[in-house]
Number of protein chains: 2
Amino acid sequence: MQNLSQIFSALSDMTRLSVVERLMAEGELSAGDLLDDVGMSAPAMSRHLKVLRRAGLVQVQVDGTRRLYSVRPDAMKAIADWTLDHRAFWQAGLDRLEVHLALEEKD
Amino acid sequence: MQNLSQIFSALSDMTRLSVVERLMAEGELSAGDLLDDVGMSAPAMSRHLKVLRRAGLVQVQVDGTRRLYSVRPDAMKAIADWTLDHRAFWQAGLDRLEVHLALEEKD
DNA sequence: CCAATAATTAACTTGAATGTTAATTAACAA
DNA sequence: TTGTTAATTAACATTCAAGTTAATTATTGG
């Protein structure tokens, strides 16, 4: 599994975040499929996919002349794990906020 | 709440990711405190903090000449929510992987 | 008021990221 | 083989990110 900041870096671009979300929703897609309606050249998309690959967020399966991309579940889990590792912090914080709002309502 | 890609962008830098983790572990710290052992100029850190602020990841509380920074729980929750929104995807993927590994063990 | 401390903003340099078009590689099909 | 399609790599231009030092703002204490 890759570095977490590298994963975040890969997702810091709207194009790449959209690609990942689309792959999770629609399953594996080719580089050409991912190009639809994006208004971007093929080489540009190819490089975005390379960034996602190197971050460990997607994997490729060769299918003839096409490359089928899909999201790696373990990469998504790495992010989920990180948030859950700190859940005690943000859960407590949100609870405090809720109490605060509840008290404010009384005024 | 800010854009998710903006949050990821803020966390894509190791310095900033470390700052966020340190703030979650130690509670609120001043800009000067955060500078310790980082080997970086104050202006550089100041700008990292600005990035985190604009992404909605941290908040500031003025205390005399110091600025006390802390992590905003709702920002962390936004990331957690995103991963959980797609949990069905990566959970299923990991289960499949587990089955795969279990079957491989039999050989 | 004046000096000291904390932090930010300004100005500048440098390296990385992102897009383009052109060229290259690889697989398939006539 | 030859031509077509899919995708990537090469080369280049431009914009953005991140660091530095110097200057500025704001608060506190003598």
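Naming: A, B, ... by sequence-line order, numbering from 1 per chain.
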Measure from [atom1] on [X] to [atom2] on [N] and round the result to the nearest Å.
X: B/L34; N: C/dA7; atom1: CG; atom2: P; value: 9 Å
X: A/L68; N: C/dA27; atom1: CG; atom2: C1'; value: 14 Å
X: B/D33; N: C/dA7; atom1: CG; atom2: C1'; value: 13 Å
X: A/D63; N: C/dA26; atom1: CG; atom2: P; value: 17 Å
X: B/L35; N: D/dG19; atom1: CG; atom2: C1'; value: 13 Å

Do [X] and [Y] sit in one hydrophobic cluster, given that two such residues count as connected whenever their side-chain heavy atoms are within less than 4.5 Å of each other, even indirectly?
X: A/Y69; Y: A/M40; result: yes
X: B/V51; Y: B/L17; result: no
X: B/V38; Y: B/L68; result: no
X: B/L29; Y: B/V71; result: yes

Members of residues 21-30 of chain B that approach DNA chain D, where some heavy atom sits under 4.0 Å away: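 Nothing qualifies; none.
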Check: A/E28 and A/L23 side chains under 4.5 Å, non-hydrogen atoms: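 No, too far: nothing below the 4.5 Å cut-off.
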Side-chain touch B/L49/B/M45, heavy atoms, less than 4.5 angstrom: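 In contact.
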Side chains of residues 83-92 of chain A: which donor-acceptor partners sit under 3.5 Å, not counting sequence neighbours?
residue	atom	partner	partner atom	Å
A/T83	OG1	A/A80	O	2.7
A/H86	ND1	A/W82	O	3.0
A/W90	NE1	A/T83	O	3.1

Side-chain donor/acceptor of B/Q61 to backbone N/O of B/S70, under 3.5 Å: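 Looks like no, no N/O pair under 3.5 Å.
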5′-ward residue of the pair B/G32/A/V62 relative to DNA chain C: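 Of the two residues, B/G32 wins.
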Nucleotides 8-19 of chain C: protein proximity per nucleotide (B base, S sugar-phosphate only, - neither; heavy atom, under 4.0 Å): BB-B------BB
